[in-house]
Structure formats: structure tokens, C-alpha cells
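Here's the structure we're looking at; comments come further down.
Keep in mind that this is a model prediction, so the values were computed, not measured.
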Amino acid sequence: MQTRELGTSGIQITPIITGTWQAGKAMWAGIEDTDTIAAIRAAFDAGITTVDTAEVYGSGHSERIVAEALADVRDRVVYMTKVFSNHLKYDQVIAACEGSLKNLKTDYIDVYQIHWPAGTYGSEKVPIEETMHALNDLKQQGKIRAIGVSNFSRTQLEEASQFGRIDSLQPPYSLFWRHVEQDAMPYCVEHQISILAYSPLAQGLLTGKFKPGHQFDPADHRAKNKLFQGENFVRAQAALNKLRPIAERHHISLANLAIAWLIAQPQTNAITGVRHADQATENARAAEVQLSQAELAEIDAIGRTVTDHLDSNPVLWNW
């Protein structure tokens, strides 16, 4: 799979990235470690050599699963992980990084990201300068290669950038969820900051497998996803019906159409979560899809029939 540079870091990432939130098991239902390990490895075998995880995913369980799947090919993969919003004081960042290094069974992390800004989820409001000081020190020591942020607004991204080089932003971004386009994307394009889009399939909605009336297990966090509720879900179903003929023209799935559209956007790469090996292999095919400018515009317009009705809150869930 052809790679792209992460920001200006010199690190080469694949436009499709394996996401491992589900590997932590917490907030997901029906996850088996053996299936997850096989899926992560299948993604690697299909050319997806970049994987994203976080310390908070199952309290390190996801990171340990990534290591189990990829430790023997560590020199050929890019590891991205994150420090949570409750660990953003200087000493906490250092300790969290050491914990992630241990979980991942590695002596360096390619991309270390602030998962959520300080103050979110009841965390302490630590000055970004203090957090960036820790990240810069880790980078100087060679324990991390690049610094990224996740769920930051443009304003927060600009502030963090005053204290060190930020090479990536990880926002929720899909055809059905596009807040980043109006907020941080222009800044990312101007400053060569890679966008690592999470939930690129709107947590499965863009696959077309969730039919009208679908009910999630209450333990599944998607039960509180705004896109699966009320009129938003109805509009999404109508949009999917309009997208199907385009996918059929290319002999691809709806999911691959959505991923192909996303990675054609400025600076944008897609983090795709997988439960099973066949999903990982299928996701990799999206990198080969060539959409014309007319098709990209048509898909864009269909997506807006969903997104134009959403409010300005950038958070995907009603938590």
C-alpha cells in the first residue's frame, strides 16, 4: 500500500490505519482477543502497516493485544497510541508513556497523542504548555518520534502548536460526520498536519448493515451515537440508498466507497476498526479505489443530506 508522510515528521503511514478501540473490550460487546489479534495481523498482511491504540482502551488491554499481534514485525509497523485527559501533568505524561511502552513491548512509540484536551471527562485543567513540555522531552529522549492530538478544536490545536511541533490531529470524521471540515481542517492543510479520521464509517453506519429499527446492546456505546437516533438515522438510510449505485459501479462495498471518499480529502487518512480478519482485508481494498472528481462531488452532496441537519456539537455521542 502506498504510504504518506505524517505531517512533517518523516514517518511514513498508510492512508488506512488499523483502529483498536474495540480491542480493549470496554464499551464494546462480543469482542474476542483471538479474533482481534487475527484481524490486526490480517490488516498488516494486506498492507496496512499503521495501527492506532490508546492507554484508556481497556486500561492497556488494547495496547497489549497490539503487541501480541505485531511484536515480531515491530520494525515494519508504525505504532500510534494516546495519553488520556486525566494524565496530562508533566509526571503523569512521562509515567503514562512508560506504561504504554511496556504494554506495546517496544522502546519507542512512533506517534504519541493527547487523547482528549485537559478538562474533558472531569479531568484537571492542566496548561497545555506543561503537557507539551513532557511530550517534547519524550521526543528528545527518543521515546516518541512525533506528537499528535486528538479531539482538539482549531483553537486548541493552535495553542498546542505554540509549544512544539504537532504532526497529527485525530478527529471523528466521516461522510456522515464532518465538523472538522469547518473547524480545524484549513489549519491542518496550511501547516501540514495529518488528519487521522476516527469513526470513518460512522461506527458501522456507512457499511449499510444496520437496517431501520436496529437496536444495539445497551453495553454497546453506539446505542448513544447521535447518528443512530431518530431522524438522523432515517436520513442516513436514505443517503445509503443513493450511495449504493456508485459503489456498484466500482464493484466495491459501501464501506470501501466511504473510506475511499474520506482518504481523498485534504490531508486525511482513515482509522478503521476491525473485529475479524475478513474485515481488515476488505478495508485495505479501499486504498485502490479511484473516484473521479464528479463522483467525489456526488458523494459529498449525498453526505450533506445527513450532516446539514446535525447541530454544531462536535461530540458524536449523547453521553
Side-chain angles (χ1 to χ4, degrees), residues 5-11 13 17 19-21 24 26 50-64 66-67 74 77-172 184 187-188 191-196 198 269 271:
E5 185 177 8
L6 179 92
T8 60
S9 68
I11 298 169
I13 63 169
I17 298 163
T20 63
W21 182 6
T50 310
V51 60
D52 180 79
T53 183
E55 64 162 348
V56 78
Y57 297 163
S59 300
H61 187 72
S62 174
E63 291 177 327
R64 292 188 288 272
V66 167
R74 173 66 185 100
V77 293
V78 170
Y79 281 173
M80 301 176 168
T81 192
K82 314 179 199 74
V83 54
F84 201 59
S85 59
N86 61 343
H87 289 156
L88 297 182
K89 298 184 80 170
Y90 183 93
D91 290 344
Q92 293 172 332
V93 174
I94 302 301
C97 182
E98 293 294 345
S100 290
L101 287 167
K102 182 178 179 181
N103 286 336
L104 288 165
K105 297 181 180 177
T106 185
D107 55 5
Y108 70 96
I109 292 164
D110 296 282
V111 189
Y112 200 43
Q113 306 158 90
I114 303 172
H115 202 154
W116 286 88
T120 51
Y121 297 109
S123 59
E124 184 178 350
K125 292 185 178 179
V126 180
I128 188 63
E129 182 177 7
E130 179 177 348
T131 305
M132 287 297 295
H133 181 198
L135 293 171
N136 287 327
D137 283 354
L138 287 167
K139 189 174 179 181
Q140 188 174 21
Q141 294 162 15
K143 292 183 178 179
I144 67 175
R145 296 177 64 199
I147 299 168
V149 296
S150 179
N151 299 298
F152 273 44
S153 67
R154 174 176 178 145
T155 300
Q156 292 165 329
L157 179 56
E158 288 177 335
E159 184 182 7
S161 296
Q162 294 175 25
F163 303 107
R165 172 64 194 174
I166 305 294
D167 277 306
S168 63
L169 169 69
Q170 186 174 147
Y187 184 85
C188 291
H191 295 277
Q192 291 180 266
I193 297 171
S194 294
I195 294 171
L196 313 175
Y198 74 78
N269 311 276
I271 300 173

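Summarising the local packing, NZ of Lys139 is surrounded by more than 12 heavy atoms from other residues, nucleotides or ligands at distances under 6.0 Å.
Shortest non-hydrogen contact noted between Pro117 and Ser150 is CD-O, 4.0 Å. Closest of all the heavy-atom pairs between Ala184 and Arg154 is CA-CB, 3.9 Å. Ile193 and Leu169 get closest at one heavy-atom pair: CG2-N, 3.8 Å. Looking at every heavy atom in both residues, Ser194 comes nearest to Gly7 through OG-N, 2.8 Å. Considering every non-hydrogen atom in both Val111 and Gly148, the closest pair reads CG1-N, 4.4 Å. Of all the heavy atoms in His115 and Phe84, the pair that sits closest is ND1-CD1, 3.8 Å.
No hydrogens or angles considered: a donor-acceptor pair under 3.5 Å links the side chains of Lys82 and Tyr57. Tyr90 and Asp137 form a side-chain donor-acceptor contact under 3.5 Å, judged by distance and modelled atom types alone. At a cut-off of 3.5 Å, with distance as the only test, no side-chain donor of Thr8 or Gln192 sits close to an acceptor on the other residue.
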Inset, instruction - Assess whether side-chain contact (heavy atoms from CB on, under 4.5 Å) is satisfied between Ser123 and Leu88, documenting all intermediate values. - result: CA-CA 9 Å; Ser123 59; Leu88 297 182; 5.9 Å; no

Inset, instruction - Let me see the working for Val83 and Glu55 under side-chain contact (heavy atoms from CB on, under 4.5 Å), right down to the final yes or no. - result: CA-CA 6 Å; Val83 54; Glu55 64 162 348; 3.7 Å; yes

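In this structure, Asn269 CG and Gln170 CD are separated by 10.5 Å, a value rounded to the nearest 0.5 Å. The distance from atom CD of Gln140 to atom CG of Leu135, rounded to the nearest 0.5 Å, is 13.0 Å. Note: His191 NE2 to Glu158 CD = 7.0 Å, rounded to the nearest 0.5 Å. From Asp107, atom CG reaches atom NZ of Lys102 across 15.5 Å, with rounding to the nearest 0.5 Å. Within the model, atoms OG1 of Thr20 and CD of Glu63 stand 8.0 Å from one another, a figure rounded to the nearest 0.5 Å. With rounding to the nearest 0.5 angstrom, the CG atom of Asp167 is 10.0 Å from the CD1 atom of Ile13.
A 4.5 Å side-chain heavy-atom check between Ile195 and Pro171 finds at least one atom pair inside the cut-off. Taking the side chain as every heavy atom from C-beta outward, Ile17 and Met80 approach each other to under 4.5 Å. In this structure, the side chains of Val56 and Ser85 stay at 4.5 Å or more apart for every pair of heavy atoms. By the 4.5 Å heavy-atom criterion applied to side chains, Ile166 and Met132 are counted as neighbours. At least one side-chain heavy atom of Phe152 sits less than 4.5 Å from a side-chain heavy atom of Ile114. When side chains are defined from C-beta on, Tyr198 counts as touching Asn151, because their heavy atoms get closer than 4.5 Å. Counting heavy atoms from C-beta on, the side chains of Tyr108 and Asp110 come closer than 4.5 Å. Looking only at side-chain heavy atoms (C-beta outward), Ile271 and Thr50 stay at 4.5 Å or farther from each other.
We find that Lys143 and Glu98 are joined by a salt bridge, their nearest charged nitrogen and carboxylate oxygen being less than 4.0 Å apart.
Formation of a donor-acceptor pair under 3.5 Å by the Ser62 side chain with backbone atoms of Thr53 is not found in this model. A donor-acceptor pair under 3.5 Å is formed between the side chain of Asn136 and the backbone N or O of Phe163. Side-chain atoms of Tyr112 come within 3.5 Å of backbone atoms of Cys97 as a donor-acceptor pair (strictly under, hydrogens ignored). Proximity of a side-chain donor or acceptor of Glu5 to a complementary backbone N or O of Gly10 within less than 3.5 Å is detected. The closest donor-acceptor contact from the side chain of Gln113 to the backbone of Thr81 lies under 3.5 Å. A donor-acceptor contact shorter than 3.5 Å links the side chain of Gln156 to the backbone of Ser153.
Figure legend: Arg145 and Tyr79 shown without cation-pi pairing, the cationic atom not lying both under 6.0 angstrom from the six-membered ring centre and within 45 degrees of its axis.
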